[in-house]
Amino acid sequence: PLAEVREGGVETLDMSGKELGAGGGGMLACVLHRCASLRSLNVSSNALEAGAGGVLCASLSSLTSLQVLQLHTNGLGPAGAAILAPSLPAHARSLTHLDLSSNGFGPEGAVALAGAVGALTELQKLSLGYNQVGPSRLAMLTDLDITGNTMEKEGGSAVAEALASTTALTVLQFGYNQIGPEAGQRLAQSLPVLSSLTTLGLSESHLEDAVKEELRRVAPSECNVIFG
């Protein structure tokens with residue numbers, strides 16, 4: 001695949017699970033500038049970590065046609081998030097799908113990314129699962145996966161309140177966050193305005209039966225509410 005990249009003109013590049021590591025990630029970053037027409041880039045599961053991941057992220061600003069970016073499971077950490085954030089506004093009018101799950105960003109990384117993600121006006125799907133980010137800003141999305149971020153009551157309540165403005169949302173994966181009954185009630189207050197919602201994942205949310213019943217009652221009639 002790297003030979004194709006060197007020649008330029010590539011629109012789709014899947015380098016997922018290639019064990020690139022630091023060396024391969026750095027090499028890929030050096031040739032990406034030749035791919036001005038690239039629309040889809042998948043470099044997930046390559047153990048890039050902050051070093052090579054940061055170099056790769058910094059090179060993304062030249063890919064102004066990019067619509068799909070998958071970077072999950074690379075151990076980028078807070079440092080990688082800080083380097084990625086400045087490159088995202090270059091894709092404000094092109095990027096529709098962004099998968100950054102399982103990178104260990106933590107709250108610090110989430111803060112670094114929040115403003116940059118908010119600038120992506122065409123973004124439809126954002127995956128930030130398993131990053132231990134706690135509460136974070138939400139964009140106007142149709143598909144949101146924030147599974148497994150250990151938000152608990154405070155984070156869950158903050159996200160539930162913000163959801164009231166995401167009226168285009170059709171899929172919300174909110175499970176494995178241990179939000180508890182109080183945040184569950186706050187979510188129930190937001191659900192009536194999410195009239196397009198078809199799937200709501202709430203596995204391992206530590207909700208009481210009464211809260212579950214209320215969520216089912218207020219969810220749109222076509223919505224599949226999953227408690228696991």
Side-chain angles (χ1 to χ4, degrees), residues 1-2 4-16 18 20 22 24-129 131 133 136-146 162 166 168:
L2 281 180
E4 297 177 12
V5 173
R6 291 190 183 97
E7 295 174 2
V10 177
E11 293 192 358
T12 300
L13 181 61
D14 185 353
M15 297 292 292
S16 59
K18 301 294 186 182
L20 294 178
M27 185 181 300
L28 178 60
C30 289
V31 297
L32 276 180
H33 69 279
R34 303 181 185 180
C35 299
S37 60
L38 195 64
R39 297 182 182 277
S40 178
L41 175 62
N42 186 350
V43 282
S44 300
S45 303
N46 274 297
L48 299 177
E49 299 186 343
V55 173
L56 180 63
C57 289
S59 72
L60 295 176
S61 57
S62 64
L63 307 179
T64 54
S65 297
L66 200 62
Q67 297 175 350
V68 177
L69 176 59
Q70 295 173 275
L71 279 169
H72 71 75
T73 321
N74 273 304
L76 299 179
I83 298 171
L84 172 62
S87 73
L88 290 179
H91 314 296
R93 296 183 179 181
S94 63
L95 204 63
T96 60
H97 290 66
L98 178 61
D99 187 349
L100 300 173
S101 52
S102 300
N103 272 299
F105 290 143
E108 183 182 347
V111 169
L113 287 168
V117 170
L120 301 175
T121 56
E122 300 301 314
L123 195 65
Q124 298 173 13
K125 181 174 182 179
L126 171 65
S127 295
L128 280 171
N131 271 302
V133 300
S136 62
R137 293 183 187 177
L138 299 176
M140 189 69 172
L141 304 170
T142 59
D143 189 320
L144 178 62
D145 182 353
I146 44 177
T166 59

Working to the nearest 0.5 angstrom, can you tell me the gap between [X] [atom1] and [Y] [atom2]?
X     : Y      : atom1 : atom2 : value
Thr96 : Leu69  : OG1   : CG    : 10.5 Å
Arg93 : Leu120 : CZ    : CG    : 12.5 Å
Lys18 : Ser45  : NZ    : OG    : 12.0 Å
Ser87 : Leu56  : OG    : CG    : 9.0 Å

Exercise. Could you walk me through whether Leu41 and Leu32 pass the side chain to side chain contact (heavy atoms under 4.5 Å, CB included) test, one step at a time?
Key: CA-CA 10 Å; Leu41 175 62; Leu32 276 180; 4.2 Å; yes

Locate the shortest heavy-atom distance separating [X] from [Y]; write the atom from each residue and the value.
X     : Y      : answer
Asn46 : Met15  : ND2-O, 2.8 Å
Ser59 : Ala29  : CB-O, 3.7 Å
Ser62 : His33  : OG-CA, 3.7 Å
Pro78 : Gly104 : CD-O, 3.6 Å
Ala36 : Ser65  : O-OG, 3.4 Å
Ser61 : Ala90  : O-CB, 3.6 Å

Quiz item: Got a donor-acceptor contact below 3.5 angstrom from the Thr142 side chain to the Gln124 backbone?
Solution: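 The answer is yes, because a donor-acceptor pair under 3.5 Å joins these two groups.
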
Practice problem: Check whether any side-chain N or O of Thr121 sits under 3.5 Å from a backbone N or O of Ala92 as a donor-acceptor pair, and report yes or no. | Solution: yes

[Y] side chain reached by [X] side chain, heavy atoms, under 4.5 Å:
X      : Y     : answer
Cys57  : Leu71 : yes
Leu13  : Leu28 : yes
Leu100 : Leu84 : yes
His97  : Gln67 : no
His91  : Leu60 : yes
Asn42  : Asp99 : no

Quiz item: For Ser102 and His72, what are the C-alpha separation, side-chain angles and deciding distance, and is it a side-chain hydrogen bond (donor to acceptor under 3.5 Å, both in side chains)?
Solution: CA-CA 6 Å; Ser102 300; His72 71 75; 5.9 Å; no

Quiz item: Knowing that exactly one of Leu95, Leu128, Leu123 qualifies, which makes a side-chain contact (heavy atoms from CB on, under 4.5 Å) with Val117?
Solution: Leu123

Exercise. State which residue, out of Leu63, Val68, Thr64, fulfils the side-chain contact (heavy atoms from CB on, under 4.5 Å) condition with Leu66.
Key: Leu63

